[in-house]
> 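The structure's right below; bear with me while I get my questions together.
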Amino acid sequence: MKIKVLFLGILFLTFTPKLWSQDCPALLSPVEGATNVPVESTISWEAVQGVTGYIISIGTSPGDTDIVNEQQVGNDTSFTPQQGLPELTTVYVTLTLFFFNQDNIVCPSQAFTTEIISASPGCTQLWSPAQGATNVNLGTSVSWNYAPKATGYRLSLGTTQGGGELLNNADLSNVFSYNPPADLPFDTTIYARVTPYNDIGANVDCQETNFTTAGQGAPPDCSSLIYPPNGAVNVGLSPYLQWASVPGALGYRLYIGSSPFNADVLDGGVFTDNATYVLNFESNNTYYVTIVPFNEAGDALGCLQESFSTILGCGPFYDPDTGELTSLYPDIDSPDQVGICNNQVPYRVEVTQQADGFRWYREQGSDELLVSQENGLDLYQEGNYRLEAFNTISYAGESIECTYIKEFSVRFSGTASVENTSIAQQGLSFTVEFQVSGLGDYVFSLDGVNYQSEPVFAGLPDGNFVIYIQDLGGCGIVEHTVRLRYPPKGFPPYFSPNNDGINDLWAYEPPLINPLQITSTAIFDRYGKILYRFSSDQQGWDGIYRGQQMPADGYWYRAETQDGQIYTGYFSLVR
């Protein structure tokens, strides 16, 4: 989900539909059974169809929660444990599928084993207050992220660079925040340095950060959602968000995310009123909201995150009783390409499956032109098109479209014309290759059922064959008959032009019984190039082309008789 416009207190969002697969997800990283897994690993898993969100628990035995206790992660399919993972430990991950319209599904635990830590930790620094932040509440706490392989942290706070006037390299153990016992000095730049450590050593090279506190005064209290209330379900996709007005607040920072860990919908948008429209939330999602009032003394502290879930939407939905998935999207079958056959303009394409509505678009430069809102479209020209078939679904007073989208191309097409047929004999079998022309894309078959993309058939015996050439654009099938015959006696299977007086020339050798009346013969190489042509009163081929001896290889002949019969075949040149 992306923010499109933020203007006059109205928040517009763009919506991209998502589909998921699998029932109970398998771990993707680390995979189940993995060993020597880094302790700083992010855990990821397969997405699940129709799920509202995920809850993750991590422990040192199946179903246990001693590392992470039932942490909601929204629709994210990954999670990074805040404190990392313990070293040399078999870790069990239990995922729970959260649905707001049915009971949750607790999936079986999956396990992997972590590494032995053998290096000092990486770096970290404050994320709250952020580097360079100003007007920070005097009573703020400071927080930092996990440093890879760290088992503890030391913190220094000072009013000078590198100083420790407020806190001097205090060992805070394995925590990620510190709340000073007294307010910080007002209107002061505070310098903070976090030093991670483990049994191998400490990382003393982490960068220092700084922030500036607000002036004197009292910051406002926190606010909370009025609508939708915390925990609400079946919330419309374009709700009017409202929150409690706070006395003394100059404005409100609004954070909205599809998981508890990031504000991927709205990250600290500032509102001077205590309400806003949000357009086009995704259906069947849980959203997490934090409202932080502020004034000249800084932001309110400790404001809690709240959440709500949107209407059920299009699915697919998991039915725990049947184990099947149901979907409200139209079930449409449409091709990737449509061929307009010769003399068939306009050519009509139609959707025969049911849907509440249709939209057909044609690409026009960088834009799209709506060309039909019926179940069919008359095609007059080539180009790229897009079909939208949709069902309109109503939930809790909200109407949404469940839309099937298919892009396809339109090309002029036609049946094939066979330009040339090449027949080669190898032993007792033949290889046939076709050269075809036409506007279409073609596939070839010997039986009219099983088609292939290449116009070559090998290993054929002698006999008559019908070759079927089909236009993929739907313009028809051409049948072409091929007659394969073993050549009559008299055509040598090989010759050896080495001037030893034996088989130095290749030519037809008339047998004593039923000789052919050959008038002319042509010799070809494997690419169809004529190398030599001779008549019956000339000597045969000596294996030379334009003064050069041809290599030992296979060659083809085409012999014509007085009565117009054509004989073709294959022979070998041996050196």
> Check whether any side-chain N or O of T89 sits under 3.5 Å from a backbone N or O of E87 as a donor-acceptor pair, and report yes or no.
yes
> Is it the case that atom CD in E165 sees more than 12 heavy atoms from other parts of the structure closer than 6.0 Å?
yes
> Hey, what's the ring geometry for F308 with F281, parallel, tilted or perpendicular (30° and 60° as the breaks)?
perpendicular
> Apply the ring pair (Phe, Tyr, Trp, His ring centres under 6.0 Å) test between Y153 and each candidate in Y197, Y146, F176; give the one that qualifies.
F176
> Begin from the C-alpha positions of N137 and F294 and carry the test side chain to side chain contact (heavy atoms under 4.5 Å, CB included) through to its verdict.
CA-CA 9 Å; N137 192 312; F294 65 89; over 6 Å; no
> Taking distance alone, no hydrogens or angles, what donor-acceptor pairs closer than 3.5 Å link side-chain atoms of residues 244-257 to residues at least two apart or in another chain?
{"unit_1": "Y252", "atom_1": "OH", "unit_2": "V246", "atom_2": "N", "d": "3.0"}
{"unit_1": "R253", "atom_1": "NE", "unit_2": "D299", "atom_2": "OD1", "d": "3.2"}
{"unit_1": "R253", "atom_1": "NE", "unit_2": "D299", "atom_2": "OD2", "d": "3.2"}
{"unit_1": "R253", "atom_1": "NH2", "unit_2": "D299", "atom_2": "OD1", "d": "3.2"}

> Distance-only, no hydrogens or angles: does the N391 side chain make a donor-acceptor pair with backbone N or O of L328 under 3.5 Å?
yes
> Near D171 CG, under 6.0 Å, is it more than 12 heavy atoms from other residues, nucleotides or ligands?
yes
> Can you spot which of E363, E407, E368 makes a side chain to side chain donor-acceptor pair (under 3.5 Å) with R386?
E368
> Decide if the gap between the ring center of F79 and the ring center of W45 is smaller than 6.0 angstrom.
no
> Could you pull out all donor-acceptor pairs under 3.5 Å where a side-chain atom in residues 119-131 meets a protein atom, sequence neighbours excluded?
{"unit_1": "T124", "atom_1": "OG1", "unit_2": "N145", "atom_2": "N", "d": "3.4"}
{"unit_1": "T124", "atom_1": "OG1", "unit_2": "N145", "atom_2": "O", "d": "2.7"}
{"unit_1": "Q131", "atom_1": "OE1", "unit_2": "N210", "atom_2": "N", "d": "3.0"}

> With respect to D76, which candidate in S258, S259, S44 satisfies the side chain to side chain donor-acceptor pair (under 3.5 Å) definition?
S259
> Among all residues two or more places apart in sequence or in another chain, which pass the salt bridge (Lys or Arg N to Asp or Glu O under 4.0 Å) test with E296?
none
> Any side-chain hydrogen bond (donor to acceptor under 3.5 Å, both in side chains) pairs touching residues 108-118, not counting sequence neighbours?
T90-T113, T94-S109, E115-K149
> Is a donor from one side chain sitting under 3.5 angstrom from an acceptor on the other, for Y288 and Q72?
yes
> Main chain of L27, side chain of E46: is a donor-acceptor contact present, judged purely on distance under 3.5 Å?
no
> Are the side chain of Y54 and the backbone N or O of V48 linked by a donor-acceptor pair below 3.5 Å?
yes
> State whether a side-chain donor-acceptor pair under 3.5 Å links T60 with D66.
yes
> Any side-chain to backbone donor/acceptor pair from S372 onto G376? Under 3.5 Å, distance only.
yes
> Indicate yes or no for a side-chain donor-acceptor contact from D356 to the backbone of T392 under 3.5 Å, with no hydrogens or angles considered.
yes
> For residues 184-195, which residue pairs qualify under side-chain hydrogen bond (donor to acceptor under 3.5 Å, both in side chains), counting only residues two or more places apart or in two chains?
T189-T212
> For the pair W243 and F271, name the ring-plane relationship: parallel under 30°, tilted 30 to 60°, perpendicular over 60°.
perpendicular
> Check whether more than 12 heavy atoms from other residues, nucleotides or ligands sit under 6.0 Å from atom CZ of F408, and answer yes or no.
yes
> Let me know which of I291, T290, N230 forms a side chain to side chain contact (heavy atoms under 4.5 Å, CB included) with L225.
I291
> For E401, is there an ion pair with R359 - N to carboxylate O distance below 4.0 angstrom?
yes
> Checking Y178 side chain against A170 main chain: does a donor-acceptor pair fall under 3.5 Å?
no
> Given T52, which of N284, N75, T286 fulfils the side chain to side chain donor-acceptor pair (under 3.5 Å) condition?
N284
> How about CD on Q354, more than 12 heavy atoms from neighbouring residues, nucleotides or ligands closer than 6.0 Å, or not?
no
> Table please: side-chain donor-acceptor pairs of residues 330-337 below 3.5 Å, with sequence neighbours left out.
{"unit_1": "S334", "atom_1": "OG", "unit_2": "Y404", "atom_2": "OH", "d": "2.9"}
{"unit_1": "D336", "atom_1": "OD1", "unit_2": "K406", "atom_2": "NZ", "d": "3.1"}

> Does the S156 side chain pair with the main chain of N169, one donor and one acceptor, at a distance under 3.5 Å?
yes
> Does the T310 side chain pair with the main chain of N285, one donor and one acceptor, at a distance under 3.5 Å?
yes
